[in-house]
Amino acid sequence: MAHLKQQFKDALSSIEPSDDKTNAPEAHRLVRDALEADAKLTEYGVSPVLIGSYKRNVSIKRIKDVDVFVRLPDMPSDVTSKDILDKFFAVLHAEFGTDSDGHRRTKRQDRSLQVSFPEYDLYVDAVPARPHWDGETWEIPQKGDENEWVRTNPEGLTSLSSEMNAAHDGYYVPTVKLLRQTRRAQLGKKKPGGFFFELATYQAFASGAVSGSDQAEYYVSALTKVSKILENFVTYGIGVNDPTLAGATIHIRASDEELEAARTRFADAAISADDALAQEDEGKAALAFQKLLGKNGDDKTVFPMPPGFNEDGSKRASAILAGARVVPAGTRTFG
């Protein structure tokens with residue numbers, strides 16, 4: 001079997017965010033500082049916290065957006081979702097204004113305000129939140145009328161992700177990263193997005209169907225289970241669980257064509273990954289994993305070939321591998 005441990009390690013390094021690790025916290029800080037400086041929001045008890053894939057350490061190169069969850073525990077109940085989004089826009093637009101091309105840096109979305117940071121090539125989404133009646137979870141604006149809210153618990157997902165990673169000896173987080181990278185390679189900018197695949201991966205782990213003794217086995221095991229979850233979602237309408245809210249499932253925006261394409265691509269990917277793991281030929285196995293994981297945010301191939309193999313997976317005829325007992329004859333000598 002081709003476990004290719006070093007190649008999986010290199011692949012994970014290839015998709016790890018680089019400069020974004022510095023830029024993302026700085027952009028988050030600037031948005032947080034602007035909101036915390038406003039007198040009315042201070043009256044509402046403003047308390048921003050970083051959430052999202054970056055916070056959960058499952059983001060991959062490149063990070064394009066960072067989510068800031070802005071808790072407002074003391075906001076009066078008569079403040080509507082439209083009111084608070086209007087307030088956020090006023091505060092953030094006053095602070096960040098326009099970019100060098102004269103475009104507003106603050107953009108209103110259905111449930112958040114997006115602030116662009118052209119110098120970092122990323123966005124910060126600021127999401128206002130009021131307490132849910134249970135005192136443990138939160139509500140955020142929802143697309144709809146002027147006072148529509150939806151329950152959420154993003155900080156709970158951060159805790160659950162850490163617990164799942166610890167329960168699997170540190171394999172959960174890198175497996176999520178590899179599944180997100182597979183989604184990017186197989187679907188490009190089409191939906192479902194990375195969050196769907198992250199929660200499908202969490203569900204797969206929580207079901208007990210994902211296991212392994214190294215990263216290759218975890219990746220193939222998770223990909224197989226996630227492809228089945230996707231199949232059930234698309235074919236039978238069985239939702240993907242929100243592990244932070246009992247009985248709740250997540251909502252996504254994807255067309256029927258996008259869902260069918262995702263189902264087909266991931267079903268094929270699961271078969272390809274399983275075949276690759278069973279391969280005795282490391283070159284053929286690496287080539288298959290290379291196709292599954294594609295290129296990173298810097299347009300570089302994620303999964304490298306093992307030493308002694310060409311980029312097409314064939315073995316180099318004259319390769320001298322570390323530890324080789326026989327060295328091909330030649331005109332040059334060593335020493």
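If you read the sequence from its start, that first residue is 1, and numbering goes on from there.
- Between atom CG of residue L35 and atom CG of residue L30 there is a gap of 11.0 Å, rounded to the nearest 0.5 Å.
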Anything under 3.5 Å between a donor and an acceptor, one on a side chain of residues 163-172, the other on a protein residue two or more places apart or in another chain? List them.
unit_1 : atom_1 : unit_2 : atom_2 : d
N165   : OD1    : Y172   : N      : 3.2
N165   : OD1    : V173   : N      : 2.9
H168   : ND1    : Y218   : OH     : 2.9

Side chain to side chain contact (heavy atoms under 4.5 Å, CB included) evaluation trace for L277 with Y219: CA-CA 10 Å; L277 184 61; Y219 172 62; over 6 Å; no
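- Taking the ring pair (Phe, Tyr, Trp, His ring centres under 6.0 Å) definition, one finds that Y120 meets it with nothing, sequence neighbours left out.
- Scanning all heavy atoms of the two residues, the minimum distance from P307 to Q7 falls at CD-NE2, 3.9 Å.
- Evaluated for a side-chain hydrogen bond (donor to acceptor under 3.5 Å, both in side chains) with Q142, the options H251, R151, R111, E148 yield exactly one hit, R111.
- Scored by the side chain to side chain contact (heavy atoms under 4.5 Å, CB included) test, A185 finds no partners at all (sequence neighbours excluded).
- For the atom pair L41 CG and M75 CE, the distance stands at 9.5 Å (nearest 0.5 Å).
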Report all side-chain donor-acceptor pairs from residues 122-132 shorter than 3.5 Å, counting only partners two or more places apart or in another chain.
unit_1 : atom_1 : unit_2 : atom_2 : d
D125   : OD1    : Q109   : NE2    : 3.3
R130   : NE     : E139   : OE1    : 2.7
R130   : NH2    : E139   : OE1    : 2.9
H132   : ND1    : E139   : OE2    : 2.8

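- The salt bridge (charged side-chain N to carboxylate O under 4.0 Å, His left out) contacts involving residues 21-30 comprise E16-K21, E26-R29, R29-D33, where partners must be two or more places apart or lie in separate chains.
- The structure places NZ of K9 at 13.5 Å from CG of D214, a figure rounded to the nearest 0.5 Å.
- V210 and L178 end up in different hydrophobic clusters when Ile, Leu, Val, Met, Phe, Trp and Tyr side chains are linked at under 4.5 Å.
- Looking at D275 and S272, their side chains never bring a donor and an acceptor atom within 3.5 Å of each other.
- Contact between E43 and D74 at its shortest, heavy atoms only, is O-CB, 3.8 Å.
- Residue pairs meeting the salt bridge (charged side-chain N to carboxylate O under 4.0 Å, His left out) criterion with at least one partner in residues 215-241, sequence neighbours excluded, are E231-R263.
- The NE2 atom of H103 sits 10.0 Å away from atom OG of S116, with the distance rounded to the nearest 0.5 Å.
- Taking both residues in full, the closest heavy atoms of V79 and W149 are given as O-CZ2, 3.9 Å, listed atom of the first, atom of the second, then distance.
- Note that OG1 of T80 is 6.5 Å distant from CD of E146, once rounded to the nearest 0.5 Å.
- For the pair F205 and V176, the minimum side-chain heavy-atom distance is 4.5 Å or more.
- The salt bridge (charged side-chain N to carboxylate O under 4.0 Å, His left out) analysis of residues 56-71, with sequence neighbours excluded, yields the pairs D20-R62, R56-E198, K61-D298, R62-D121, K64-D121, R71-E155.
- Side-chain atoms of T42 come within 3.5 Å of backbone N or O of D38 as a donor-acceptor pair.
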Pair D10-Q6, side-chain hydrogen bond (donor to acceptor under 3.5 Å, both in side chains): steps then yes or no: CA-CA 6 Å; D10 292 343; Q6 184 59 48; 2.8 Å; yes
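- Placement of V46 and V91 within a single hydrophobic cluster is found when ILVMFWY residues are connected by side-chain heavy-atom separations under 4.5 Å, directly or transitively.
- With contacts defined as side-chain heavy-atom distances shorter than 4.5 Å, the pair N310/M305 does not qualify.
- At least one donor-acceptor pair under 3.5 Å links the side chain of D312 to the backbone N or O of S314.
- Residues V70 and S47 fail the side-chain proximity criterion, which asks for heavy atoms closer than 4.5 Å.
- Under the ring pair (Phe, Tyr, Trp, His ring centres under 6.0 Å) criterion, F89 pairs with H93, sequence neighbours left out.
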Donor-acceptor pairs are to be reported for all side-chain atoms of residues 241-248 against protein atoms at under 3.5 Å, with residues two or more places apart or in another chain.
unit_1 : atom_1 : unit_2 : atom_2 : d
D242   : OD1    : T244   : N      : 2.9
D242   : OD1    : T244   : OG1    : 2.7

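- Within a 6.0 Å radius of CG in D19, other residues, nucleotides and ligands contribute 12 heavy atoms or fewer.
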Stepwise salt bridge (Lys or Arg N to Asp or Glu O under 4.0 Å) test for D83 and K87: CA-CA 6 Å; D83 291 338; K87 178 62 180 175; over 6 Å; no
Side chain to side chain contact (heavy atoms under 4.5 Å, CB included) evaluation trace for I229 with N232: CA-CA 5 Å; I229 291 173; N232 289 336; 5.7 Å; no
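- Both W138 and I51 sit in one connected hydrophobic cluster of ILVMFWY residues. Membership requires side-chain heavy atoms under 4.5 Å apart, directly or through other members.
- Between P141 and L85, the closest heavy-atom pair is CB-CD1, 3.9 Å.
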Audit row: F309, D281, side chain to side chain contact (heavy atoms under 4.5 Å, CB included) steps and yes/no: CA-CA 10 Å; F309 289 88; D281 186 318; 3.8 Å; yes
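- Taking the centre and axis of the six-membered ring of F117, the NZ or CZ atom of R105 falls inside the cone set by 45° and 6.0 Å.
- Counting all heavy atoms, side chain and backbone alike, E36 lies closest to P48 at OE2-CD, 3.3 Å.
- By the ring pair (Phe, Tyr, Trp, His ring centres under 6.0 Å) test, F303 pairs with F8, F289, sequence neighbours left out.
- Distance alone, capped at 3.5 Å, places no donor-acceptor pair between the T106 side chain and the V115 backbone.
- In terms of hydrophobic clustering, with Ile, Leu, Val, Met, Phe, Trp and Tyr side chains grouped at heavy-atom distances under 4.5 Å, L187 and F233 are assigned to a common cluster.
- Counting only heavy atoms from C-beta outward, the side chains of T175 and Q215 approach each other to under 4.5 Å.
- Evaluation of the side chain to side chain donor-acceptor pair (under 3.5 Å) test over residues 285-297, restricted to residues two or more places apart or in two chains, returns S14-N296.
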Side chain to side chain contact (heavy atoms under 4.5 Å, CB included) evaluation trace for V240 with T249: CA-CA 5 Å; V240 173; T249 56; 5.9 Å; no
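- Side-chain atoms of M1 and Q279, non-hydrogen and from C-beta on, never get closer than 4.5 Å to each other.
- A donor-acceptor pair under 3.5 Å is formed between the side chain of D99 and the backbone N or O of G102.
- Listed by chain and residue number, nothing satisfies the ring pair (Phe, Tyr, Trp, His ring centres under 6.0 Å) test with Y44 (two or more places apart in sequence, or in another chain).
- Here the shortest heavy-atom pairing between P192 and L259 reads CG-CD2, 3.8 Å.
- Atoms OG1 and CG, on T182 and L292 in that order, are 6.0 Å from each other to the nearest 0.5 Å.
- L230 and I252 fall within a single hydrophobic cluster, where Ile, Leu, Val, Met, Phe, Trp and Tyr are joined by side-chain heavy atoms under 4.5 Å apart, directly or via other members.
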